[in-house]
Amino acid sequence: MNSPNSRLRVAILISGRGSNMQALIEDCARADNPAEIALVVANKADAGGLARAGAAGIATAVVSHRTFADRAAFEAQIEEKLRAAGIQLICLAGFMRILSDEFVAAWRDRMINIHPSLLPSFRGLDTHARALAAGARFHGCTVHFVRPEMDTGPIIVQAAVPINSGDTPDSLAARVLSAEHRIYPLALRWIAEGRVRVENERAIVEGAVAAADLLINPRA
Ligand code: GRF
């Protein structure tokens with residue numbers, strides 16, 4: 001995706017605390033990472049992640065959806081920030097605004113998202129409570145390319161975590177979140193290394209090695 005001596009320029013879009021953003025920033029700070037976090041955009045001025053990004057020396061911008069008449073004007077301002085920073089790939093990391101079909105189409109196969117479930121199960125919100133209510137034995141997280149329909153698109157990587165009998169939505173969310181922090185940087189690296197392509201709406205990761213063991217969780 002990028003030439004050998006230039007790093008892939010990445011923007012992260014956030015709305016909140018930005019722990020996934022932080023994981024991406026930390027991994028991209030390693031010398032062997034071919035991606036560079038060039039910009040963090042938040043749609044809320046009080047997003048906790050902004051301070052974390054600033055502390056890491058990353059350029060930040062606030063584009064508040066409240067200050068624009070409509071979605072098109074809001075997105076045009078985001079596009080302007082991305083263009084000015086020479087952004088090549090967008091990572092959504094807890095970005096809580098729906099993006100228009102036009103915006104998604106413009107960034108097709110150049111925008112990825114992390115979702116706290118094993119898609120296609122539990123699209124949308126409150127995934128942890130819903131997985132518990134369903135009596136699922138496993139939950140997890142997914143990094144995928146973004147398509148217009150929310151929480152759909154070619155899956156790049158997933159991690160599964162067991163659901164334990166005493167779990168609450170919060171304890172389960174914490175277990176999933178630490179898996180998120182592992183797979184999101186992995187997916188970004190693979191893309192920056194030029195190893196990910198989309199064929200027939202499936203993402204193929206070159207050189208991906210399957211886990212040697214299967215996770216089976218009968219649960220006590
Ligand atoms: C994460 O659970 C992510 O999967 C979801 O929103 C949450 C964002 O958390 N899309 P953080 O801001 O990255 O800490």
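In this chain, numbering begins with 1 at the start of the sequence shown. Both ligands and their constituent atoms are indexed starting at 1 by order of listing.
Short contacts between ligand 1 and E180, defined as distances under 4.0 Å to a heavy atom of the residue, involve ligand atoms 1 (C), 2 (O), 3 (C), 4 (O). Every atom of ligand 1 with a heavy atom of G94 under 4.0 Å away is listed here by number and element: 6 (O), 8 (C), 10 (N).
Between M21 and ligand 1, not a single N/O pair is under 3.5 Å apart. Looking at ligand 1, you'll find an N or O of G18 within less than 3.5 Å of one of its N or O atoms. Polar contact with ligand 1: absent for N113 (N/O pair, distance under 3.5 Å).
Judged by distance alone, with hydrogens and angles left aside, the side-chain atoms of R123 form a donor-acceptor pair with the main-chain N or O of M150 at under 3.5 Å. Without hydrogens or angle criteria, R7 side chain to P34 main chain gives no donor-acceptor distance under 3.5 Å. Side chain of T127 to main chain of P116: a donor-acceptor pair is present (N/O by atom type, distance under 3.5 Å, no hydrogens or angles).
Here the protein heavy atom with the shortest distance to atom 10 (N) of ligand 1 is I114 O, 3.1 Å. Scanning the protein heavy atoms around atom 9 (O) of ligand 1, the nearest turns out to be R17 NH2, 3.3 Å.
H139 and S117 form no side-chain donor-acceptor contact under 3.5 Å, judged by distance and modelled atom types alone. Side-chain atoms of H144 and H115 form no donor-acceptor pair, as typed in the model, at a separation below 3.5 Å. Between the side chains of W107 and E79, at least one donor N or O sits under 3.5 Å from an acceptor N or O.
The closest approach between I14 and ligand 1 stays at or above 4.0 Å for every heavy atom of the residue.
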